[in-house]
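Each chain gets a letter, A, B and so on, in the order the sequences are listed, and its residues count up from 1.
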There are 2 protein chains.
Amino acid sequence: MDGREDDDSARSLGEALFRDILALIHSGGIAPGATLGEATLARQFGVSRGPVREAIRRLQGIGLVTREPFARARIALLDRTAVDDLFDMRVALEGRACALAATRMDDHAITTLLAALERARRRDLGDPDVPPDDFDFHLLLIDHARSPRISAALGGDLYPLLRLYRRWSGARPERKGVAYQEHWQILRAIRSRDADLARSLMEQHIEKARANLMTALDASPTSQPVPAARLPAAPAASSLPAGPA
Amino acid sequence: MDGREDDDSARSLGEALFRDILALIHSGGIAPGATLGEATLARQFGVSRGPVREAIRRLQGIGLVTREPFARARIALLDRTAVDDLFDMRVALEGRACALAATRMDDHAITTLLAALERARRRDLGDPDVPPDDFDFHLLLIDHARSPRISAALGGDLYPLLRLYRRWSGARPERKGVAYQEHWQILRAIRSRDADLARSLMEQHIEKARANLMTALDASPTSQPVPAARLPAAPAASSLPAGPA
DNA sequence: TTTGCCTTAAGTGTTGACAGTTTGTCGGAG
DNA sequence: CTCCGACAAACTGTCAACACTTAAGGCAAA
């Protein structure tokens with residue numbers, strides 16, 4: 001079968017492959033811990049090894065793929081340590097983004113977001129299962145923080161991983177109502193321009209999601225006590241010539 | 001001249017080229033805003049275009065390079081907006097790392113770090129100029145946070161950029177004494193296991209560094225009002241299928 | 001039977017070449 | 001003199017092939 005799907009929103013094959021491979025892993029086409037070779041993927045997608053190489057490099061950059069110099073790439077196992085690490089980063093980034101949004105959003109944007117949140121809540125709670133959920137509070141809020149770097153790290157790297165983890169550990173729709181309430185509280189803090197409170201609420205909100213995912217991961221059969229993903233480009237402190245003050 | 005320098009710590013040419021090009025920019029061999037073509041660099045370093053391509057892709061991942069689908073890569077200009085964005089990310093990451101360190105460091109590590117800090121202070125203040133400064137408080141502290149992802153983002157991506165900005169805007173050795181004092185306060189908060197205080201202190205510390213760099217950038221002749229680096233892989237909120245709750 | 005070395009195969013790192021796109025330039029029309 | 005369009009050069013994206021590394025399997029010796 002040819003898993004190649006044309007996505008014209010990506011101008012280069014490498015970009016498209018990144019999404020395709022991500023989708024392939026997401027759909028369970030590749031199991032966690034499986035080894036993915038460049039030549040194999042190249043044949044499977046009907047392209048050369050060049051673009052595949054770029055896509056894998058980017059997967060490696062996300063931390064989804066473990067790779068040593070000449071060894072073949074393995075997609076990372078998701079143990080508790082990796083999830084913890086992922087959420088540490090997420091708390092840091094989204095907490096800050098939330099505080100920034102409290103400072104930088106104008107009243108009109110807040111009102112609009114509030115209305116959209118309420119609309120989505122009614123729709124989702126109307127038919128609780130199978131919600132399309134294309135309204136994403138977090139992504140929208142991050143956009144309003146107007147920090148390209150944080151947006152890129154979150155939306156481009158962390159969230160695809162999170163979707164993967166949630167997929168593997170199973171979703172929990174019963175938390176949806178609580179999540180809406182927490183989102184509303186965060187937005188209210190932003191409306192009152194209380195950046196510290198907004199950040200604190202967001203951090204707590206994400207901590208709940210972490211605990212949620214943790215318990216789901218414990219109950220999941222795919223959780224395995226395997227060494228976590230080794231991230232690239234994390235030089236030891238002593239190996240760097242100088243650092244910022 | 002052949003700028004190629006063998007760095008056997010990198011197993012692949014792409015990795016070595018990443019550092020070499022970074023060093024080349026750092027040393028002023030390439031001016032900000034200059035266009036760097038793959039073929040040119042390949043000839044200059046005596047390798048093929050493949051590794052150069054990988055290195056540029058990684059430079060682009062850091063946000064040091066702007067690139068559109070078929071256009072040639074430009075090294076990003078450093079205007080106020082870019083610095084602001086960089087420091088927003090840094091505050092988020094290092095603040096969290098500091099809080100984590102306050103939780104995860106054991107007493108022995110704290111004592112050791114404290115002693116090393118004092119030792120470095122005496123040495124640096126002994127001869128104020130031309131300090132080797134291979135003791136880096138921030139890097140060490142981040143290591144102690146034991147979060148691979150945050151360490152990678154900070155040590156692998158943000159710090160090289162920061163060094164660049166500092167280089168271009170000029171260092172300010174007179175702040176060194178103050179910095180030591182702030183470092184000491186942060187460590188004291190960690191020793192008393194006050195994660196919130198430690199994070200707050202670290203955030204303030206970094207904010208000072210941001211202000212410092214800003215004024216230096218304003219006075220610097222290289223600061224230019226040019227569109228900042230467009231970061232890769234920051235999809236708009238509406239273009240993503242679903243996000244985390 | 002077990003241990004060590006050697007052979008072999010798979011896979012990554014790297015290279016040079018080809019195709020499509022963009023950008024700068026030159027000539028001509030208005 | 002300015003503006004527009006076509007041509008050409010340069011560059012990026014992609015591909016197929018070669019060189020080198022690693023790991024696994026077999027074979028021989030203890």
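- Nucleotides of DNA chain D that come within less than 4.0 Å of any heavy atom of chain A span, from the 5' end to the 3' end, D:dT14 to D:dT22.
- Across all strands, A:G50 comes closer than 4.0 Å to no nucleic acid atom at all (heavy-atom distances).
- Of the possible polar contacts, one joining the B:R146 side chain to the B:R104 backbone as a donor-acceptor pair under 3.5 Å is found.
- Salt bridge status for B:D88 with A:R149: absent, with no side-chain N to carboxylate O gap under 4.0 Å.
- By the 4.0 Å N-to-carboxylate-O rule, B:E15 lies too far from A:R67 to be salt-bridged with it.
- No donor-acceptor distance shorter than 3.5 angstrom exists from the side chain of A:R49 to the backbone of A:A42, with no hydrogens or angles considered.
- Contacts between chain B and DNA chain C, taken as any atom within less than 4.0 angstrom of a protein heavy atom, begin and end at C:dT14 to C:dT22.
- Geometrically, B:R58 engages B:F18 in a cation-pi contact, judged by NZ or CZ lying under 6.0 Å from the ring centre and within 45° of the ring axis.
- Summarising the geometry of B:L113 relative to B:L141, their closest heavy-atom pair is CD2-CD1, 4.1 Å, with the distance given to 0.1 Å.
- Across all strands shown, B:R74 has no heavy atoms under 4.0 Å from either base or sugar-phosphate atoms.
- In summary, B:E207 and B:R210 engage in a salt bridge, as defined by a charged side-chain N under 4.0 Å from a carboxylate O.
- Nucleotides of DNA chain D nearest to B:F70 and A:S48 differ in position, and the one nearer the 5' end is that of B:F70.
- In terms of position on DNA chain D, the residue among B:R72 and A:A71 whose nearest nucleotide sits closer to the 5' end is B:R72.
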Task: A:E68 and B:R11: CA distance, side-chain angles, deciding distance, salt bridge (Lys or Arg N to Asp or Glu O under 4.0 Å) verdict - done: CA-CA 9 Å; A:E68 287 153 70; B:R11 298 302 291 261; over 6 Å; no
